[in-house]
Amino acid sequence: MTIEGKSYRTVWFEDNRLCLINQPLLPHRFEIVRIGDYREAALAIRNMVVRGAPAIGATAAYAMALAVLRGEDPEEAYRVIGGARPTAQDLFYGIGRIREALAGGRDALEEADRIADEYVASSERIGEYGSSLIRDGMRINTHCNAGWLATVDWGTALAPVYKAVRQNRKVFVYADETRPRCQGSRLTAYELLQENVPHAVIADNAAGFYMSRGMIDMVIVGSDRIAANGDIANKIGTYTSALAARANGIPFYVAAPFATVDRDCPTGGDIPIEERSGEEVSHMFGISEKTGEADRVRVAPEGSECLNPAFDVTPADLITGIITERGIFSPGEIGRQLT
Ligand code: MRU
């Protein structure tokens with residue numbers, strides 16, 4: 001991806017440091033965080049300095065490599081990093097690959113670099129397969145951020161959009177705001193602006209309205225974990241969006257690499273769903289128009305309980321197809337691809 005003319009990945013390793021784009025500061029400030037300790041890396045995942053399943057997977061792999069480089073116990077690092085967030089399968093994929101590499105006597109950092117490169121390649125393939133679904137003039141709805149900031153480069157749900165735009169097709173994106181952390185209005189909108197893709201940010205509850213008016217042709221979302229039966233977990237609100245798409249006869253696609261598929265998880269009901277602090281619902285964070293400084297404001301009244309499940313499960317029967325680096329599959333075919 002290119003930010004103000006310079007090419008970046010979302011996650012990379014340089015001068016013995018793990019480097020991340022500090023996502024909570026976007027879209028207002030672009031800043032790079034440099035991390036030399038795996039515990040700090042685990043905290044960056046937990047606090048969503050880096051987020052999005054493949055970006056978390058690559059970060060987790062580099063965090064393991066940091067532990068090895070510093071001569072620390074990789075099993076303890078595996079436990080600490082593995083406890084950072086529970087839903088994104090890629091986190092466990094990333095740390096699992098490094099554990100296997102170490103068991104096979106291979107170099108942890110080289111393996112982490114390989115994982116990051118594979119993520120870039122799989123995202124680009126997802127973009128190529130997914131763009132074949134996009135006709136000129138299509139209006140696409142997406143939820144959360146599933147672009148390059150959520151991966152190492154290109155994206156999952158947004159990669160097909162970026163590929164279609166590079167192939168000179170006109171695409172308009174309706175980006176759901178994605179309460180409570182607003183990954184849509186903060187990150188997807190930022191990416192689409194950088195890529196010159198025409199778009200509008202809409203409140204999450206406006207998507208059904210635009211679908212019912214015939215103004216959305218297709219929905220594409222990413223995923224944090226895909227169960228063997230094709231059920232998928234993704235950012236809270238995805239399920240509601242899939243229901244609205246089904247009610248309006250709109251195709252609903254999920255884009256994800258095979259690293260997100262959990263062969264040990266039979267159904268969506270078995271996917272652990274992260275519960276985050278209610279403060280992410282009761283408060284909002286942004287830039288004050290008065291001072292130009294970052295500020296947090298309370299929205300819900302003091303005394304109201306706020307609940308904050310971070311993901312929901314969309315059942316396979318609401319999903320038209322899953323766009324992967326190996327092709328586009330029906331949800332039912334995903335499990336068979338693993339054998
Ligand atoms: O809580 P987040 O921001 O990490 O959630 C991210 C999502 O839900 C994305 O849609 C998902 O990781 C797939 S995108 C590559």
Side-chain angles (χ1 to χ4, degrees), residues 1 9-11 20-24 26 44-60 84-94 116 119-120 122-127 130 141-162 175-188 190-191 204 219-226 232-242 252-262 268 271-277 280-281 285 308-314 319 322-325:
M1 71 228 186
R9 284 184 174 187
T10 304
V11 179
L20 305 170
I21 295 172
N22 193 344
Q23 299 197 29
L26 290 173
I45 295 172
R46 166 109 209 96
N47 295 337
M48 294 170 68
V49 170
V50 62
R51 27 70 48 209
I56 290 173
T59 303
R85 290 189 79 184
T87 304
Q89 168 62 11
D90 297 62
L91 188 156
F92 306 99
Y93 172 81
Y119 270 131
V120 176
S122 58
S123 287
E124 186 162 12
R125 294 295 288 160
I126 287 170
N141 177 222
T142 190
H143 192 70
C144 195
N145 170 257
W148 30 258
L149 286 162
T151 61
V152 182
D153 205 349
W154 286 102
T156 54
L158 287 183
V161 170
Y162 296 143
D176 290 354
E177 175 192 27
T178 319
R179 283 282 290 143
R181 292 290 296 245
C182 295
Q183 289 94 330
S185 52
R186 296 183 200 285
L187 305 176
T188 301
Y190 174 78
E191 285 194 16
D204 300 325
V219 181
I220 316 182
V221 297
S223 174
D224 286 84
R225 194 181 296 221
I226 300 177
I232 68 111
N234 192 47
K235 181 52 55 193
I236 191 77
T238 301
Y239 172 51
T240 319
S241 164
F252 184 93
Y253 283 94
V254 174
F258 267 86
T260 305
V261 180
D262 182 359
I271 299 176
I273 298 294
E274 179 179 14
E275 289 278 342
R276 294 187 63 89
S277 163
E280 293 182 351
V281 175
F285 177 80
N308 187 14
F311 301 95
D312 59 24
V313 172
T314 300
I319 299 168
I322 301 185
I323 308 165
T324 74
E325 69 275 33

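Every number for a ligand or one of its atoms is a count from 1 in the order of the listing.
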Output, or 'none' if empty, a list of ligand 1-protein atom pairs in which both atoms are N or O and the distance is under 3.5 Å, rounded to 0.1 Å.
unit_1	atom_1	unit_2	atom_2	d
ligand 1	1 (O)	Arg85	NH1	3.4
ligand 1	1 (O)	Arg85	NH2	2.8
ligand 1	1 (O)	Lys235	NZ	2.7
ligand 1	3 (O)	Arg51	NE	2.8
ligand 1	3 (O)	Arg51	NH2	3.2
ligand 1	3 (O)	Gln183	NE2	2.8
ligand 1	4 (O)	Gly52	N	3.0
ligand 1	4 (O)	Arg85	NH1	2.9
ligand 1	8 (O)	Asp224	OD1	2.9
ligand 1	8 (O)	Asn234	OD1	3.2
ligand 1	8 (O)	Lys235	N	3.3
ligand 1	10 (O)	Asn234	OD1	2.7
ligand 1	12 (O)	Ala53	N	2.8
ligand 1	12 (O)	Asp224	OD1	3.3
ligand 1	12 (O)	Asp224	OD2	3.0

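When atom types are taken as modelled, the side chain of His143 and the backbone of Ile236 share a donor-acceptor pair closer than 3.5 angstrom. Although no hydrogens or angles enter the test, the distance criterion places no donor-acceptor pair under 3.5 Å between the side chain of Thr260 and the main chain of Ala88.
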Start with the C-alpha gap between Asp262 and Arg225, add the side-chain angles, then the distance that decides, and say whether salt bridge (Lys or Arg N to Asp or Glu O under 4.0 Å) holds.
CA-CA 7 Å; Asp262 182 359; Arg225 194 181 296 221; 2.8 Å; yes
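A salt bridge links Glu274 with Arg276; the closest basic N to acidic carboxylate O contact falls under 4.0 Å.
Within the 4.5 Å cutoff, the side chain of Phe252 has heavy atoms near those of the Ser241 side chain.
A donor and an acceptor atom, one from each side chain of Arg51 and Gln183, are nowhere located under 3.5 Å apart.
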